[in-house]
Number of protein chains: 2
Amino acid sequence: MDTKERILKTALELYNSQGVNTITSRHIAAKMGISPGNLHYHFKHTDEIIKTLYDRLSADFDVIVASVEALEEVDLPMIRSFVITSLELGYKYRFIFLHFVEIGLRIPAVKKDYAALTQRREKEFLSIFEKLKASGVFRPDLPEEVLKAFVTQIFIVGDFWLSNNELTLKLKGSKAIAHYSDIFSSMFYPYLTPAAMQLAKGNE
Amino acid sequence: MDTKERILKTALELYNSQGVNTITSRHIAAKMGISPGNLHYHFKHTDEIIKTLYDRLSADFDVIVASVEALEEVDLPMIRSFVITSLELGYKYRFIFLHFVEIGLRIPAVKKDYAALTQRREKEFLSIFEKLKASGVFRPDLPEEVLKAFVTQIFIVGDFWLSNNELTLKLKGSKAIAHYSDIFSSMFYPYLTPAAMQLAKGNE
DNA sequence: TTAAATTTAGAACAAATGTACTAATTATTT
DNA sequence: AAATAATTAGTACATTTGTTCTAAATTTAA
């Protein structure tokens with residue numbers, strides 16, 4: 001693995017375990033056993049390391065969403081596996097979510113990118129919900145506005161479940177993912193038709 | 001107003017507008033026109049300023065929750081006014097929510113306090129939901145576990161709506177509160193009985 | 001094999017930060 | 001009025017940080 005890639009890997013580890021504000025370029029270099037000068041040869045500015053990691057998270061998540069969007073019909077087990085895959089990705093890059101506002105402030109490009117992304121995602125999610133309505137999974141009596149609010153809820157919980165975990169239960173790895181994917185599943189419950197509810201109960 | 005109080009007021013202003021990581025004790029002193037030495041006479045450590053502000057937020061929120069808990073019967077308009085009051089308080093101390101994980105890392109007492117608080121609040125909220133079930137506002141067919149997940153959802157959205165706003169819409173003041181209180185109202189919608197739904201529709 | 005390019009180490013710099021220290025000023029008490 | 005306590009300004013210090021610079025070492029190309 002070349003140095004640039006090793007820097008990214010080490011940075012991710014350190015940021016995830018110690019937070020984005022306590023870790024400096026010197027820490028990363030020290031942990032790798034290279035000089036600060038060398039690190040700054042590969043990344044002139046420390047923020048570029050963070051930006052690169054954010055871009056990778058963003059690209060990886062794009063792939064996940066695209067795979068769901070491509071489906072003709074969406075059902076609950078698919079949603080559940082989508083949720084788990086997303087949470088796993090989030091956990092991998094958890095420092096970004098734990099310090100989202102900080103990072104957005106430090107690196108305006110991240111903020112801009114995320115704001116644009118959200119608008120796109122909102123439409124994508126609403127279209128998935130329409131599919132769920134059409135296939136009798138979602139209740140037909142929910143006003144557009146309620147579904148829109150549900151999308152925002154999902155974004156907020158999706159972006160900040162890691163922060164909630166950090167401040168309360170502090171679950172690690174697969175335990176965290178299991179716990180919060182249950183919460184996600186429960187979030188969907190009141191939106192389901194009685195038939196879908198029965199199915200959901202059985203699958204848990 | 002004595003100096004100590006002025007420090008807290010100025011710190012809150014600066015933290016809210018510039019973030020907790022960019023503002024230092026020197027910035028606060030400069031903005032007030034006092035010396036750094038004077039500031040550190042009143043607060044030996046900068047973190048004490050943040051801790052004091054957190055304690056005030058916590059105490060203020062206690063009052064709000066207690067006033068709801070004291071009610072014999074809870075209905076939707078009361079919930080709505082509870083939501084608005086809470087969001088207003090959150091907005092006042094928004095820097096805390098925008099940097100919750102940071103602050104928890106910097107000041108372990110905050111993290112401890114919040115973790116304990118959450119456990120208490122979970123019970124309080126569940127008991128409010130039981131009241132809502134009893135008075136025919138909440139659907140009777142919701143499993144305990146779904147209600148528990150709803151409480152967590154409310155906590156996450158309640159703690160991070162400001163971060164979401166910061167990263168996307170960037171609404172200011174009453175506009176932010178209006179928008180996110182609508183989202184909170186919509187969150188409740190699928191949990192309501194048909195009768196309560198009708199009432200809710202009329203009130204908007 | 002020699003020349004050129006890339007990569008690396010290590011030192012050095014300037015700015016910022018938290019906070020301690022000292023002395024002066026102001027307020028309070030006796 | 002004198003003595004004591006509280007408050008304030010201003011300076012100073014040690015540490016940290018991001019980054020730059022220089023020169024050495026290593027790799028690649030010719």
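Chain letters run A, B, ... following the sequence lines, proteins first, then strands; residues in each count from 1.
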Please report, rounded to the nearest Å, how far the [atom2] atom of [N] is from the [atom1] atom of [X].
X	N	atom1	atom2	value
Asp47(A)	dT19(D)	CG	P	7 Å
Asn38(A)	dG10(C)	CG	P	11 Å
Met32(A)	dA9(C)	CE	C1'	14 Å
Leu39(A)	dT6(C)	CG	P	19 Å
Ile34(A)	dA24(D)	CD1	C1'	17 Å
Asp2(B)	dA27(C)	CG	C1'	14 Å
Tyr41(B)	dT25(C)	OH	P	18 Å

Examine distances only and state if a side-chain atom of Lys131(A) and a backbone atom of Leu71(A) form a donor-acceptor pair shorter than 3.5 Å.
->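 The answer is yes, because a donor-acceptor pair under 3.5 Å joins these two groups.
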
Is any side-chain N of the basic residue among Lys148(B) and Asp182(A) closer than 4.0 Å to the acidic one's carboxylate O?
->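 No, this pair does not count.
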
Where the side chain of His40(B) is defined as all heavy atoms beyond and including C-beta, which of dT19(D), dG18(C), dT8(C) is the nearest nucleotide?
->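 Per side-chain heavy atoms of His40(B), the pick is dG18(C).
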
Among dT8(D), dT17(D), dT19(C), the one nearest Ser35(B) by side-chain distance |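 The answer is dT8(D).
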
When we call it a touch if two heavy atoms are under 4.0 Å apart, what does Ser25(B) touch: a base, just sugar-phosphate, or nothing?
->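 Since a base atom lies under 4.0 Å of Ser25(B), the category is base.
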
State, with a plain yes or no, whether a side-chain heavy atom of Asp113(A) is found less than 4.5 Å away from one of Tyr54(A).
->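 The answer is yes, as the side chains (C-beta and beyond) meet within the 4.5 Å cut-off.
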
Relative to the ring of Phe155(A), is the ring of Phe125(A) parallel (under 30°), tilted (30 to 60°) or perpendicular (over 60°)?
->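 Rings of Phe125(A) and Phe155(A): perpendicular, over 60°.
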
